[in-house]
Protein chains: 2
Amino acid sequence: MTKHKDNQTEEKILIAAQQVFQAKGMDGARMQEIADEARINKAMLHYYYRSKQLLFEAVFNKAFALLAPQLNAILNDDSALEDKIRSFTQNYISFMMKHPYLPNFIIQELNRNPKFIESIKNNVAFPNISKFKMQVEQEVEKGTIVSVNAEQLFINILSLNVFPFVASPLIKAFTNVDDNAYKAMLEDRKTAVSDFIINAIKK
Amino acid sequence: MTKHKDNQTEEKILIAAQQVFQAKGMDGARMQEIADEARINKAMLHYYYRSKQLLFEAVFNKAFALLAPQLNAILNDDSALEDKIRSFTQNYISFMMKHPYLPNFIIQELNRNPKFIESIKNNVAFPNISKFKMQVEQEVEKGTIVSVNAEQLFINILSLNVFPFVASPLIKAFTNVDDNAYKAMLEDRKTAVSDFIINAIKK
DNA sequence: AATTAGTTTAACCATTCGGTTAACAAATGT
DNA sequence: ACATTTGTTAACCGAATGGTTAAACTAATT
C-alpha cells in the first residue's frame, strides 16, 4: 500500500480477512484466526494494515465496491423500466448466489455503526436514486405504469431481491425447505420476482 | 426463574440485556455494559443467568416470542387472503416501528449461528407455512389469483415488510432521505405494500 | 563482501473480559 | 431471638485479545 513492494502476502491477508469478517463480523472476528486462515504470522496483519479497524475497513470497502455496480445497473442505466427490472433481478440474484455473505455483511456492519456510511457516501460510484426517480415519474406520466412513488418502488425491488439472502436461515425454517430446495427457489426467483413486480405496477 | 423470588432485579437485567444485545449483538455486547445499564453489580448477571450465553438466549427467546405471533397472523389465520395481506402489512409495519431493532437482531444472530434455529423450531408457536400454502393453492384453483407458488408469495410478503427495517441505513443513503422522511415512507407502506402485493397477484 | 531496505518470526505486553469468591446484608422461617 | 436462606457488593482471577518489539532473515544495491 505505502512502501510495500507488490507482495502476495498483503493479498493473502485481505482474502483471509474477507472470509473471517464476513462470517463473524467485526466484533466476532479474531486477528489470530485471520492470520491462521492466511497461514502467516499475526504480526504481519499489523505490518500491512496497522490495526484491526483498518483491515476491516479495507475488507468492507472492497465488498461495497463489488456491490455498488450491481445496484447502479438499475439506478443509472438508460434502458426501459421493464427491461431493467427483468435484467436487474436476473443479474442480481445470480451475483448474490455467488456471494451469499455479502449483503448480510454490509447491512449488519452499517447497522452496527451508521456513521460509517458517511465515509462511503463520498465514493464516486455510490448508488443514488435520482435518475431512476425521473424515469419512474416519466413512465407514470405517460401512463404505462400505475401511479407509484419511485422511492417505494425502489425499496420494493431491493427488498424482493436482497431479503431472501439476508434472512435465509429464517425463511428456510418457516418454509420447511432444505439448502438444495432453497437454491432452486432462488433460481426460480430470477424470473418470478420480475414477473411479480411488473404485474404489480402494470396498468 | 428457578429459586428466585419475584425480584425486580431479574427483570431489570433482562431489559438492560435486551437493549445492549439488540444494539451490539452477542459478540459486541459487554457484561459490564449490561450491568451499568441495569444499574446493578455485574455479579448479579451471573447470579440470575449464570453466563453470557444463557442471558443472551433469554433475550433472544423473548424477542422471538414477540415476533412469532405477528407472523402467525398471516400464516394461520382463517380470513380471506386479500384481507390477511392488508391486515398483516398494516399490523406488522406498526409493530416494527415500535421495535425497530427486533428483525435485525434475530436475523443477524441466526446467521451467526444457524444451528441455533433448531432449538427454537420446537417452540409450539413456531411459524409454519403449511396452512397458508393450502389457502394459496385453493385461491389459485378457484382462479381468484394468478398462478403463484405459495412459498414464493410468502417470501415476497415477508421481504416487502421486513427488509425496510433491516436495511434502513442503506436505503436512507440511497434515497437521500432523513429519519423523519423515512418514517413517513414507512407509514405510507402500511397501505402501499398491500396494494402492491394484491396488484401483483390479482387476475 | 558489505550495506541497506523490506519482510517475517517468536516472544512479549497491557488491557479487557467473562466469570468467581468471600464477606456481608436482608429477608424468611422456626 | 436465632438460624438459614436469599440477595448484593467489591475485589479478584485466568484466559483471550489487539497490538508491539527486537532480533533474524532475505534479497536487492553498491
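Within every chain, numbering begins at 1; the chains are lettered A, B, ... in the order of the sequence lines, protein sequences first and strands thereafter. Predicted, not measured: the structure shown is a model, and the values here were computed from it. Just the heavy atoms: all of them, side chains too, but no hydrogens, waters or symmetry mates, feed the values below.
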Can you tell me how far [atom2] of [N] sits from [atom1] of [X], to the nearest Å?
{"X": "A/Q32", "N": "C/dC12", "atom1": "CD", "atom2": "C1'", "value": "14 Å"}
{"X": "B/R30", "N": "D/dA16", "atom1": "CZ", "atom2": "P", "value": "15 Å"}
{"X": "A/M26", "N": "D/dG18", "atom1": "CE", "atom2": "C1'", "value": "10 Å"}
{"X": "A/K42", "N": "C/dT8", "atom1": "NZ", "atom2": "P", "value": "17 Å"}
{"X": "B/E10", "N": "D/dT8", "atom1": "CD", "atom2": "C1'", "value": "15 Å"}
{"X": "A/H46", "N": "C/dC13", "atom1": "NE2", "atom2": "C1'", "value": "13 Å"}
{"X": "B/M31", "N": "D/dA10", "atom1": "CE", "atom2": "P", "value": "17 Å"}
{"X": "B/F21", "N": "C/dG18", "atom1": "CZ", "atom2": "P", "value": "9 Å"}

For this session: Would you classify B/A35 as touching base, sugar-phosphate or nothing, given that sugar-phosphate means primed atoms plus P, OP1 and OP2, and contacts are heavy atoms under 4.0 Å?
Result: nothing
Problem set entry | Contact nearer the 5' end of DNA chain D, comparing B/M44 with A/D27 | B/M44
Exercise. For A/Y47 and D/dT20, is the shortest distance between a side-chain N/O and OP1 or OP2 below 4.0 Å?
Worked result: no
Exercise. Within the structure, does a side-chain N or O atom of A/T9 lie under 4.0 Å from either OP1 or OP2 of C/dT7?
Worked result: no
Exercise. Looking at the side chain of A/A43, which of C/dG19, D/dT9, D/dT21 is the nearest nucleotide?
Worked result: D/dT21
For this session: Taking only the side-chain heavy atoms of B/N41 (C-beta and beyond), determine which of D/dG7, D/dT9, D/dT21 contains the nearest atom.
Result: D/dT9
Exercise. Between A/F126 and A/F64, does the ring centroid distance fall short of 6.0 Å?
Worked result: yes
Problem set entry | Ring centers of A/Y101, A/F165 separated by less than 6.0 Å | no
Exercise. Is the shortest distance from a Lys or Arg side-chain nitrogen in B/D27 or A/K24 to a carboxylate oxygen in the other one below 4.0 Å?
Worked result: no
For this session: Let me see the working for A/K42 and A/D36 under salt bridge (Lys or Arg N to Asp or Glu O under 4.0 Å), right down to the final yes or no.
Result: CA-CA 8 Å; A/K42 180 165 71 85; A/D36 292 347; over 6 Å; no
Problem set entry | Polar pair under 3.5 Å, donor/acceptor by atom type, side chain B/K52, base C/dG19 | no
Exercise. Angle class for the B/F60/B/F105 ring planes (parallel below 30°, perpendicular above 60°, tilted otherwise)?
Worked result: tilted
